[in-house]
**Q** 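Dropping a structure here in structure tokens format, bear with me for questions.
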Amino acid sequence: MLKVRDLKFDYRKREVLKEIEFDMRPGEILTILGPNGVGKTTLLRCINTILSPKSGTIMVQGEDVLTLPKIEVAKRMGYVPQHTQTSRLTAFDAILLGRKPHIGWGIRDHDLHIVKKVMLDMDLEELAMRYIDEMSGGEIQKISLARALVQEPKILLLDEPTSNLDLKNQLSILRTLRDVVKKDHISAVLTMHDINLALRYSDRFILIKDGEVFSHGGHEIITPDNIGEIYGVPVAVESVRGQQMVVPI
Amino acid sequence: MTNAGSDEMDDDRGSLDLSREYKKYVGRKISFITVTSLLLIVIFMCSLSVGNAHLPIGEIINTLLGRPSDIKYAHTLIWELRLPRAIAAIVAGVSLSLSGAVLQSVLRNPLGSPYTLGISHAAAFGATLSILAASRGVFGTVFDHAYSITISAFAFSLISTFTLLAIAKYKSATPEVLILAGVALGSLLTAATMFLQYFADDTELPEIIFWTFGDLGRASWQSIQIMTLITAVVTAYFIHNRWNYNAMDAGDEIAKGLGVHVDRVRLLGMLMASLATAAAVAFLGVIGFVGLVCPHIARRFVGDDQRFLLPASGVVGALLMLAADTAARIIIAPYVLPVGIITAFMGAPLFLFLLVRGCKH
């Protein structure tokens, strides 16, 4: 589904990302873990071609997105940034905006149908006619995810989707994400600071240290040694009610 | 995700209500645009009718259709005096207001207007320079005086725009850089204009000052043709980009994620807005406030969705300009006030009223 090879990115001659490589299969959630400033968001932006990498390839279903026009990239990948600006738009229109890469001159019924379907799937129909500049952080985050979903992407990229959300909303947005990823057979790449939340919802992980992939794999790579190494904090990994948990010690 | 086959299923899940509600909501926005357009037609007829000599509506229609009229001078009054004024008001209103709406969006700043980029200041400097040069015989008899003012005002507007765009290109086109550069450029040009005014004599100074009061009486059919052409091209460009502006309102990151070339759309939006403003200001003089306030008035009624905001801003701009000019001609008749004074007098209280009332739907 997604194949990243030899991805390098420099910012003002400083190497931010060095030879990042990983693969993803459909129906998977992958979380990028690493301390602040290690280049997690930069990596997401490079994958989405918002930033141009210095070298490397990013293959989505066999096509290198770095060679595609921006509009074609937007048909294959949806990006949910950490912050969204609100304007005087209804939730329906804000989500409809996600159809932009597919819209020619005017909106077709098909576009409206997809927006309605995603809103119903995500239980957002109650919000449809409310203005987003009057909404809570949790609601806005859901609208952002819905906007990315109506792009009908193969790959979803989410930058800190749970920051600024309360516990209930954190669980709710990640549960929604997991359901969509499994049902539509797409892939999602996340960045997250909350390791325990990541452990609960992700299938695989990339641990990044000094701009390189330190470790890449499933739950088995979340070991005290690995986590201690990348964050510089001693931790224990324990099981609470069958759920793997990382506890600083 | 979904395909055409599953679309029918959606309606079974109670989304009919959603469709109906959404259509109603879109309908409300379209009715605002329709009602203001109808109002514009009414004021258009009024503006042709009122003045020193009152013309009945029947006579106006006859004259416009080229039929003979019973009233002496009706043809001259309409075709040479009132119609050019009214059309100039509509065209300038549309171009200033649309430019303001787009600048507010691409610069992500509610204070965005043709003023923010220093375009009007540049035009005023160009006009001042030309008035001084002409009165001191620099052009000889090569140029018609009125033309030289227009050309100079237009040229300086474009020079200032391109300077701004060059700075933006060099320094990366963030809205903050653009606004601050525009304000700095505007101040520089204002200082240069004041410098020239200081050396102007008693006949030149009133001409310079008077030029800065926007006046629709300057509109000739030829200048209207040029303004209309530029406004039409710019309007088509803005409408074509309505989804891009919507995406940018959600933030640059989201817009880029949706495949929008954010920097290019921002710079071209500024260039087009500058062009439209420069044309209006060069022919008519400085008309403030319309570009700033009309988009906000429209926003209060139709929201920020550019699909509706752009047409609504255009119509509101035309309406305010035409109403202001009609008022300017009758308030202290037979004297005609410069329209720029009236636009501020009418627009500011209306805007304050809407701000306080909080009518946002």
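As the structure is a computational prediction, the values presented were derived from the model and not from experiment.
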**Q** What part of A/Thr49 gets within 4.5 angstrom of chain B, counting heavy atoms only: side chain, backbone, both, or neither?
**A**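 For A/Thr49, neither part sits under 4.5 Å from chain B.
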
**Q** Quick one: what part of A/Ile103 sits under 4.5 Å from any heavy atom of chain B, side chain, backbone, both or neither?
**A** side chain

**Q** Measure the CH2-NZ distance between B/Trp243 and A/Lys100 for me, rounded to the nearest 0.5 Å.
**A**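 With rounding to 0.5 Å, CH2 (B/Trp243) is 9.0 Å from NZ (A/Lys100).
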
**Q** Any luck finding a side-chain donor-acceptor pair between A/Asp64 and A/Thr57 under 3.5 Å?
**A** no

**Q** Tell me, for B/Val26 versus chain A, whether the close heavy atoms (under 4.5 Å) come from the side chain, the backbone, both or neither.
**A**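 It is neither, since no heavy atom gets under 4.5 Å.
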
**Q** Given the options A/Pro69, A/Pro101, A/Ala148, A/Gly78, which has more heavy-atom pairs under 4.5 Å with chain B than any of the others?
**A**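 Among the listed options, the one with the most contacts to chain B is A/Pro101.
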
**Q** Checking heavy atoms, do the side chain of A/Leu112, its backbone, both or neither come under 4.5 Å from chain B?
**A**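 It is the side chain, since no backbone atom gets that close.
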
**Q** Measure distances from B/His240 to the heavy atoms of chain A and classify the residue's part below 4.5 Å as side chain, backbone, both or neither.
**A**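 Answer is both: backbone and side chain atoms of B/His240 are under 4.5 Å from chain A.
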
**Q** By the definition salt bridge (charged side-chain N to carboxylate O under 4.0 Å, His left out), identify the one residue from A/Arg99, A/Lys117, A/Lys116 that meets it with A/Asp111.
**A** A/Arg99

**Q** Hey, which of B/Val94, B/Leu310, B/Ile230 is the one that makes side-chain contact (heavy atoms from CB on, under 4.5 Å) with B/Thr235?
**A** B/Val94

**Q** Using a 6.0 Å cut-off, check whether atom NZ of B/Lys23 has over 12 heavy atoms from anything other than its own residue.
**A**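 Result for NZ/B/Lys23: open.
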
**Q** If every non-hydrogen atom of B/Val265 is compared with every non-hydrogen atom of B/Met248, which pair is closest and at what distance?
**A**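 The pair with the smallest heavy-atom distance is CG1-SD, 3.6 Å.
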
**Q** Which bit of B/Tyr25 is near chain A, if near means a heavy-atom gap under 4.5 Å: side chain, backbone, both or neither?
**A**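 Side chain only.
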
